[in-house]
Each structure stands twice: as structure tokens, then as C-alpha cells.
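These numbers come from the heavy atoms of this one structure, side chains and all, not from hydrogens, waters or symmetry mates.
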Amino acid sequence: MSQHDLLMRHKAVMPKWLSLFYNEPISIVSGDGRYVVDADGNRYLDFFGGILTTMTGYSVPEVVDAIVDQAKKMIHTSTLYLIEPMIELAERIAKLSNIDDAKVFFTTSGSEANDAALLFATAFRSSNQILAVRNSYHGRSFSSLAVTANPGYAATNLSPFQVFYILGGSRIRGPLAGLSDSEYIKRGVADLEDLLSTATSGQVAALIAEPIQGVGGFSLAPDGYFGAIKEVLDRHGILYISDEVQTGWGRTGENFWGYESHGVAPDLITFAKGLGNGLAMAGIVGRSEVIDAIPGTSISTFGGTPLVARGALANLEYLLSNDLQANSAKVGAHMITRFLNETKAIDTVADVRGKGLMIGIELCEAGSVVPSPAIASLVLEEAKSRGLLVGKGGIAGNVLRIAPPLSITLEEADHGIDALVEAIAAASKSL
């Protein structure tokens, strides 16, 4: 089956809003390490890792073997029964969270994890008022969309919450443009104080925030920002939810969780993507009194099933035993330095930012900060033609998102950087 024929079948039965990359979309059929192969036999270095999901790499033997072994024994039981791999995984995550007396609830996606965290917070606080951050993205479910401040994902204007947005997002345009770190923090805190006193009832349930905005184009606030914000939250009894779906498990290099850059202790942490390395694994870890606040009983049919939990355990062990967080710090710093140096002469590159292996390159009209999604789309095509897969995001879809598996080598990183810099230059020249 050709990829073109597969595209025709896709269009016939899939929703029109289910987006695809590239003018000629590809079907990825196999992978090894940091490389994938499409249905036509083309091999690509993957700088996007299935949207930050392939954390340790493709076809990692230790992970594959654990999944196969578990599949031979038992694939699925629900949480109506004791599940040893799920309990062991919860114990590991509770310890890694740095939250005292933590409990864990498993789901199947980041959207569902954020949905559950919002449920826990609103039940605990008896309030449907939620704070979120401008430019944020928290998922595609009804409640996670309600706290998503990205108009491109606005599937409905209905909401189960009353939502108020604090300052965050771009530092090259808008109200935070050109501010120093200290000025940014001061303005954000002042805005929050004013928002709480003038727009809310005073009984706000929680703030949900990404330490680094994922779909928002890898925009990041200065270190300490959310720590200063939480000082205000604490005075009002407002919970803090750290959305670590994309930043968790050492991807930022300097810390295991993104929240640690801010000197803050979350009440709830949501996670997904990288932990499963492709398996449908996600969840929430947090203060037991908050998670236990649900008045009724419940179950999870697919959250933390034996197969998924066993695979996630093997993946987590591989991450920790090979110190992939340190690799992310080393290779990520090298990549950011090279991108900064080698894109200086390209006048469509407005910003290079990120931490560890979570790097954003913002593309704008030449010599300006006017977003250029056209250049970003063309760069994806040029990169693909050079055997490299990258992502894109941002409010305007003009930010290249670079987030390879945490096991990437310096040699592979340099190969990808060479290809991407060439792609950016070629796309900028053609437009």
C-alpha cells in the first residue's frame, strides 16, 4: 500500500480536523534508536519523538522484552483487581515526585490526566474557578480544552469552569516583551494579585501551568516565576497543578521535573507521554488529601493495566539507570549553542530558546517578530527531504519544536543540526 493510497483512505474515514504533517504525509512503519523508517523505505532522524513521547528511543530491548513477557502472562485487568506492576510503578513515581505522602492515579493520556487533576482540585476546593496561563495547552478533552489558551485548539466556547488567565507566553511580543527576568516576575505577580481581587470570587480552586509551554512553542518563563506566583496562591489557599506532560522525566536536563526550576512544591503533578515511551500511560501524582477528596467511588478500565505499567516500569528503569537526564543536559546545551551560533545570519530566526532536549526556534518575517507559519511549514518539508523530522507549534504555528529521544548522541545531534540549519536557510531564501 503506497503512502498516497493510505492518505486517501485516511481522508475517507478520519475527521477533517485530524491534522497531518507534510504536503505528502508519511506512514512510519518501524524505528530503531533515534531513527524511523517510512512505508517507502525512507529513513529519518527523529527530532520530535512522537510529540515528546518516544523518550528513551525506538525498539529499546529492555522495554520491548518487558512488554512481550507481560503480554504472554496478562495484558489487561481493570483496577477492580490488584495490579502489581501498577502498584510498583506508583511507588516509584510517588518517591520521584518529591511530594510527601503522595498518591498516584493512572490514566491513558495527558488530556485525561489534566482532566482528572482539575476534578480533584475543584472537588477539594468546592470551586469551579480555575487559573491558567496565556498561550497554554493542556489537552483535547472537554475540561482540558477549557483551560487551554490557544485559539487554534478552541473546539468549543462552552466550559465546565470559570477560567482566568495569568501572564505568560511570548517574550518577544506582547505585554512581556523585552522585560528582564525580575521585571517579568514582578509584573506577573502584580497581575495575579489584581486578577484575584477584581475578577474572581476569591474561592479559586487551582492554577494549572506548564513549566515550559509545549504546544505553545516551547515558551518558558524565567526561573522562579511560578515560585513567586505560588506565594500568592498559598495566601489564598489555591492549589498548584504542574502540567509535566512534556517537561517531566528529565527532559529539561537541569531537573527531573520542570517545576524544580521555580523553587515551587506542586500540590498535583500530571504526567504522560515519555513515561510510556509510546504506551498509553499517563496519570497524576499529588498530595493524598487532594486526590482522596473525591466523595464517590470510581475505577479505571485502562489506566495502569498490567501490560502498560510493566512497560512503563522498564522504560523508567532504563531512563534512570542510563542517566538520560544528564545526557539531555549535555546534548541539549550543545544543540542550543550551535543553533544560536549558526542561525545568527538567518534573519527569519527571531528566537532560539529552551532547556535540555526541549528546544524552540521561532520563525518570523525577515528582520521582525511577525510570526511566519509559512516559513515553518516549508522548513518541515525541507528538513524531511534531508532525512530529519521536526515538529512545530506556537499560537501561529511558526515555532519549530525540537525534542528528540533523551538517548540521542552528540553525533546524531550534530547530524540533525546540520540538516535543520540548511533547511531553515533554504526555506527562508525561497520565501
Side-chain angles (χ1 to χ4, degrees), residues 50 53-56 60-124 139-144 241-245 248-249 257 266-321:
T53 298
T54 306
M55 177 171 70
T56 56
V60 176
E62 292 87 340
V63 179
V64 173
D65 290 347
I67 294 170
V68 171
D69 181 65
Q70 183 62 48
K72 291 177 179 178
K73 297 176 182 178
M74 176 64 70
I75 291 177
H76 174 268
T77 65
S78 77
T79 54
L80 290 170
Y81 309 98
L82 294 171
I83 302 173
E84 186 173 358
M86 180 180 74
I87 295 168
E88 183 179 349
L89 182 61
E91 291 170 339
R92 298 289 297 274
I93 293 171
K95 186 175 181 180
L96 288 166
S97 74
N98 301 316
I99 297 174
D100 293 336
D101 193 29
K103 288 191 175 181
V104 181
F105 176 70
F106 291 108
T107 66
T108 60
S109 72
S111 294
E112 189 188 352
N114 284 330
D115 182 275
L118 291 165
L119 173 64
F120 299 156
T122 52
F124 183 76
R140 58 170 174 73
S141 66
F142 185 52
S143 69
S144 60
I241 304 169
S242 186
D243 179 345
E244 301 273 357
V245 169
W249 318 111
W257 302 103
D267 298 290
L268 298 169
I269 300 169
T270 59
F271 56 85
K273 293 188 181 290
L275 178 61
N277 209 46
L279 296 170
M281 164 56 69
I284 309 96
V285 56
R287 289 167 48 199
S288 59
E289 62 177 329
V290 179
I291 291 181
D292 283 340
I294 301 300
T297 59
S298 190
I299 62 167
S300 181
T301 303
F302 292 109
T305 59
L307 180 71
V308 171
R310 178 79 183 279
L313 268 170
N315 189 50
L316 180 58
E317 180 57 37
Y318 186 88
L319 172 88
L320 296 173
S321 62

**Asked** Got N315 and V60 here, is their nearest side-chain heavy-atom distance under 4.5 Å?
**Response** no

**side chain to side chain donor-acceptor pair (under 3.5 Å) contacts touching residues 291-311 (sequence neighbours left out)** = D69-R310, Q70-R310, K103-D292

**Prompt:** To the nearest 0.5 Å, how far apart are CG in L319 and CG in N277?
**Reply:** 9.5 Å

**Item:** By side chain to side chain donor-acceptor pair (under 3.5 Å) - contacts of T79 (at least two apart)
**Value:** none

**Request:** State which residues pass side chain to side chain contact (heavy atoms under 4.5 Å, CB included) with A293; sequence neighbours excluded, sorted by chain then number.
**Result:** F124

**Prompt:** Can you name the nearest heavy-atom pair linking T270 to A117, along with the distance?
**Reply:** CG2-CB, 3.6 Å

**Prompt:** Of the non-hydrogen atoms in M74 and P306, which two are nearest, and what is the gap between them?
**Reply:** O-CB, 3.7 Å

Distance-only check: which donor-acceptor pairs under 3.5 Å involve side-chain atoms of residues 284-291, not counting sequence neighbours?
residue	atom	partner	partner atom	Å
R287	NE	E289	OE2	3.3
R287	NH1	D267	OD1	2.5
R287	NH2	E289	OE2	2.2
S288	OG	D101	O	3.4
S288	OG	D101	OD2	2.9

**Message:** So, using side chain to side chain contact (heavy atoms under 4.5 Å, CB included) as the criterion, who are the partners of K72 when residues are at least two apart?
**Reply:** V68

**Complete:** Rounding to 0.5 Å, atoms CG (L275) and OG1 (T53) come to a distance of 11.0 Å

**Request:** Compare all side-chain heavy atoms of T108 with those of V308 and state whether any distance is below 4.5 angstrom.
**Result:** no

**Request:** Carefully, step by step, assess L279 and I67 under the rule side-chain contact (heavy atoms from CB on, under 4.5 Å).
**Result:** CA-CA 10 Å; L279 296 170; I67 294 170; 3.8 Å; yes

**Closest heavy-atom pair and its distance - T107, A113** = OG1-N, 3.5 Å

**Fill in**
residues 294-309 vs salt bridge (Lys or Arg N to Asp or Glu O under 4.0 Å), sequence neighbours excluded, gives none

**Fill in**
Across all chains, not counting sequence neighbours, the side chain to side chain donor-acceptor pair (under 3.5 Å) partners of S97 are none

**Complete:** Across all chains, not counting sequence neighbours, the side chain to side chain donor-acceptor pair (under 3.5 Å) partners of S143 are D115

**Request:** With sequence neighbours excluded, tell me which residues meet side chain to side chain contact (heavy atoms under 4.5 Å, CB included) with R92.
**Result:** L313, L316, E317, L320

**Asked** Can you name the residues that form a side chain to side chain donor-acceptor pair (under 3.5 Å) with S111, not counting sequence neighbours?
**Response** none

**Complete:** Rounding to 0.5 Å, atoms CE (M281) and OG (S109) come to a distance of 12.0 Å

**Prompt:** If you measure from CD1 on I269 to CG on D243, what distance do you get to the nearest 0.5 Å?
**Reply:** 11.0 Å

**Request:** Specify the closest pair of heavy atoms between A282 and G110, including all atoms of both residues, with the distance to one decimal.
**Result:** CB-N, 3.9 Å

**Prompt:** Can you tell me how far CD1 of I93 sits from CD1 of I99, rounded to the nearest 0.5 angstrom?
**Reply:** 11.5 Å

What side-chain donor-acceptor pairs closer than 3.5 Å can you find for residues 80-91, not counting sequence neighbours?
none

**Item:** Pairs involving residues 269-309, ordered by first then second residue, that meet ring-ring contact (aromatic ring centres under 6.0 Å, His included) (sequence neighbours left out)
**Value:** H76-F302, W249-F271

**Complete:** In terms of heavy-atom contacts, S144 and G139 come closest through OG-C, 3.2 Å

